[in-house]
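Below is one structure; the comments refer to it alone.
Every number for a ligand or one of its atoms is a count from 1 in the order of the listing.
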Amino acid sequence: MNTSVRSWAEPYKIKMVEPLKMTSEAERRAAIAEAGYNTFLLKSEDVYIDLLTDSGCGAMSDRQWAGMLLGDEAYAGSANFYRMRDTVEAYYSYKYTVPTHQGRGAENILSQILISDGDYVPGNMYFTTTRLHQELAGANFVDVIIDEAHDPASFHPFKGNVDLAKLDALVAEVGAEKIPYVCIATCVNMAGGQPISMANLRALRAWCDKHGVRLVHDMTRVAENAYFIQCREDGYADKSIREIIHELCSLTDAATMSSKKDALVNIGGFLAMNDADFYEKACNLVVVYEGLHTYGGMAGRDMEALAVGITESVQDDHIKARVGQVEYLGNKLKAMDVPIVNPIGGHAIFLDARAILPHIPQDRFPAQALAAALYVDAGVRVMERGAVSAGRNKDTGENFMPKLELVRLTLPRRVYTQAHMDVVAESIGRVMMKAGEIRGLTFTYEPEYLRFFRAKFAPVED
Ligand code: F0G
C-alpha cells in the first residue's frame with residue numbers, strides 16, 4: 001500500500017436519495033426516435049444518469065433546505081433579498097444586485113441597457129443565450145478568445161484567455177465607441193469549461209480603462225475558474241477560493257449570474273454592478289420583464305437558498321471535490337484513448353465528436369448523433385455542443401460550422417457518485433467500439449431561436 005497517497009472525497013454525506021430507473025435498449029431506441037434524436041426532448045424519467053447539464057440540477061445542502069423555510073414571501077422588500085444582496089457584495093464585491101429568474105433574464109436586461117443598434121460586443125467565445133440577447137439588442141458578437149481555445153488538443157492552462165491583439169484589431173476596425181462592453185466568462189462553457197487567468201483579466205482591465213469600455217463578467221462558473229487559478233497560476237497556491245473569487249470579480253464592472261450552476265441552487269440569477277446609474281436603469285427594466293427589483297422572478301425562499309449556496313460554493317474542499325469528480329471521469333476516458341478536450345475542464349468532459357465519428361461530415365451533425373447513440377447504449381443523457389448549438393449567422397442565414405464539434409458530459413454538483421462515473425465511462429467505451437455504425441442526422445424541425453433546445457432530426461439513410 002502506498003501510504004503517501006491521500007485521495008479527495010466528497011466533503012458531505014448523503015441524507016436523502018432519489019431512485020434511478022434503468023430502461024431496456026428497445027425502450028431507449030423508441031424514446032430517442034420519439035424525441036427526434038434530441039436529448040433535450042427526452043423525458044427525465046426515461047434517463048438513467050443525467051449529464052445533460054449542470055444547470056439547476058445540483059443537490060442543495062441541509063442548510064439550504066433549512067433556509068427555504070425562512071422564505072419571506074413579501075412582494076416587496078423581502079428579508080431574503082437583503083441577505084442575498086449582502087452576500088453578493090461580501091463574496092463577489094458588486095455593490096448593487098438585481099435578482100432575475102435565471103441567467104438569461106440578467107443577460108436580457110444588461111443587453112437592452114448597454115447595447116445600441118450596430119454595436120460590437122467582444123467576448124471570450126460565445127454562449128448561446130448570451131449571444132442571442134446581444135444580437136436581439138442590435139449588437140454583433142465578436143470572438144476574441146485565444147486561438148488555442150478552438151483546438152481540443154491544445155493543453156494551454158488558460159484557454160479562456162482573451163487575445164488582446166484581437167481586441168486592438170476590433171478597435172482599429174470599428175472604433176472603441178462602438179464597443180459598449182467586453183463580455184468575459186469565467187470558466188468558458190463552450191470552450192470546454194476552460195479558465196481565464198488572473199493575469200489576463202488584469203491586462204483586460206487595463207485595456208478597458210484605456211479605451212473607456214466596460215468589462216462585464218458572466219460569473220456563472222466563477223468558483224471553478226478560481227480553483228484552476230489556485231492550481232495553475234503563480235502566486236495563488238496559498239490564496240483561498242473565496243479570496244480568488246473576490247479578486248476576479250473586483251476586476252470587472254458588472255456581472256450576470258446564472259445561480260443554477262456554481263451557486264448551488266435550482267433556480268435564480270442576478271445582474272450585479274458597481275455603477276449607481278446602471279443600477280437605476282436595471283431596476284427600471286427588471287420590473288418590466290422579471291418582477292419587482294427586490295425579487296426579480298425569485299421566491300423569497302429561493303433567494304435565501306442562494307445566499308447560503310454562495311457561501312458553500314466558495315469552500316475549498318467543496319470545489320476540490322467538484323472538479324475532482326470531473327477529472328476522475330476525464331482521466332478514465334483518457335486512459336481508454338477517448339478523444340476529449342484538453343485540459344479537463346471544470347464542469348464537464350467534452351468528447352471530440354469529429355475525432356470519434358470521422359465518417360460523418362459536420363453538416364450531418366456528428367455531435368448530435370453521438371449524443372443520441374450514448375443515450376441508446378446505457379440511458380446516459382448528454383448534450384451536443386457543436387454546429388447545432390452554434391446556430392446560423394444572423395445576417396446571412398448560413399449555418400455556423402464551429403471548429404469545436406463536441407458532446408458535453410456535464411456533471412451536476414453533489415448528485416452522482418464515482419460509481420456512476422464508472423458506468424458512464426464503460427458506456428462511452430462501448431459506443432466507441434461501434435462508432436462506425438452511427439449515422440449522421442438531418443433537421444426535420446428547426447426552431448428560430450436557440451434551435452438546439454427543441455430541434456428534431458432524422459438519421460440520414462446513405
Ligand atoms: N452563461 C453561461 C456561461 C451559461 O452556461 C448559461 C447557462 C447561461 C449564461 C444562461 O443561464 O440558463 O440560467 O438562463 N447554461 C446552461 C448550460 C443552460 O447547460 O450550459 P440560465
note = Note: ligand 1 atoms sitting under 4.0 Å from heavy atoms of T53 are 17 (C), 19 (O)
request  = Check each of H133, R408, E107, M383 against atom 20 (O) of ligand 1 and report the one with the nearest heavy atom.
outcome  = R408
inquiry  = D54 versus ligand 1: do any nitrogen or oxygen atoms come within less than 3.5 Å of each other?
reply    = no
query = Quick one: salt bridge (charged side-chain N to carboxylate O under 4.0 Å, His left out) partners of E233, sequence neighbours excluded?
reply = none
ask   = To the nearest 0.1 Å, how far is atom 8 (C) of ligand 1 from its closest protein heavy atom, and which atom is that?
value = F127 CE2, 3.5 Å
inquiry  = Using a strict threshold of under 4.0 Å (side-chain N to carboxylate O), is an ion pair present between R451 and E446?
reply    = yes
task = Just jot down the salt bridge (charged side-chain N to carboxylate O under 4.0 Å, His left out) partners of K320, sequence neighbours excluded, or say none.
result = none
ask   = Hey, does K260 come in under 3.5 Å of ligand 1, counting only N/O atoms on both sides?
value = no
Lys/Arg N to Asp/Glu carboxylate O, D147 vs K166, below 4.0 Å = yes
ask   = Out of curiosity, is M190 lining ligand 1, as in a heavy atom under 4.0 Å away?
value = no
request  = For the pair D422 and K332, find out whether any cationic side-chain nitrogen is under 4.0 Å from an anionic carboxylate oxygen.
outcome  = yes
key: Cationic tip of R242 above Y91 ring, under 6.0 Å, 45° of axis   = yes
remark   = Quick note on ligand 1: atoms under 4.0 Å from a heavy atom of R221 include exactly 3 (C), 4 (C), 5 (O), 20 (O)
key: Identity and distance of the protein heavy atom lying nearest atom 21 (P) of ligand 1   = Q102 NE2, 3.3 Å
query = Is it true that E34 and K43 have a side-chain N and a carboxylate O under 4.0 angstrom from each other?
reply = no
query = Relative to the heavy atoms of G103, which atoms of ligand 1 are at a distance of less than 4.0 Å?
reply = 11 (O), 13 (O), 14 (O), 21 (P)
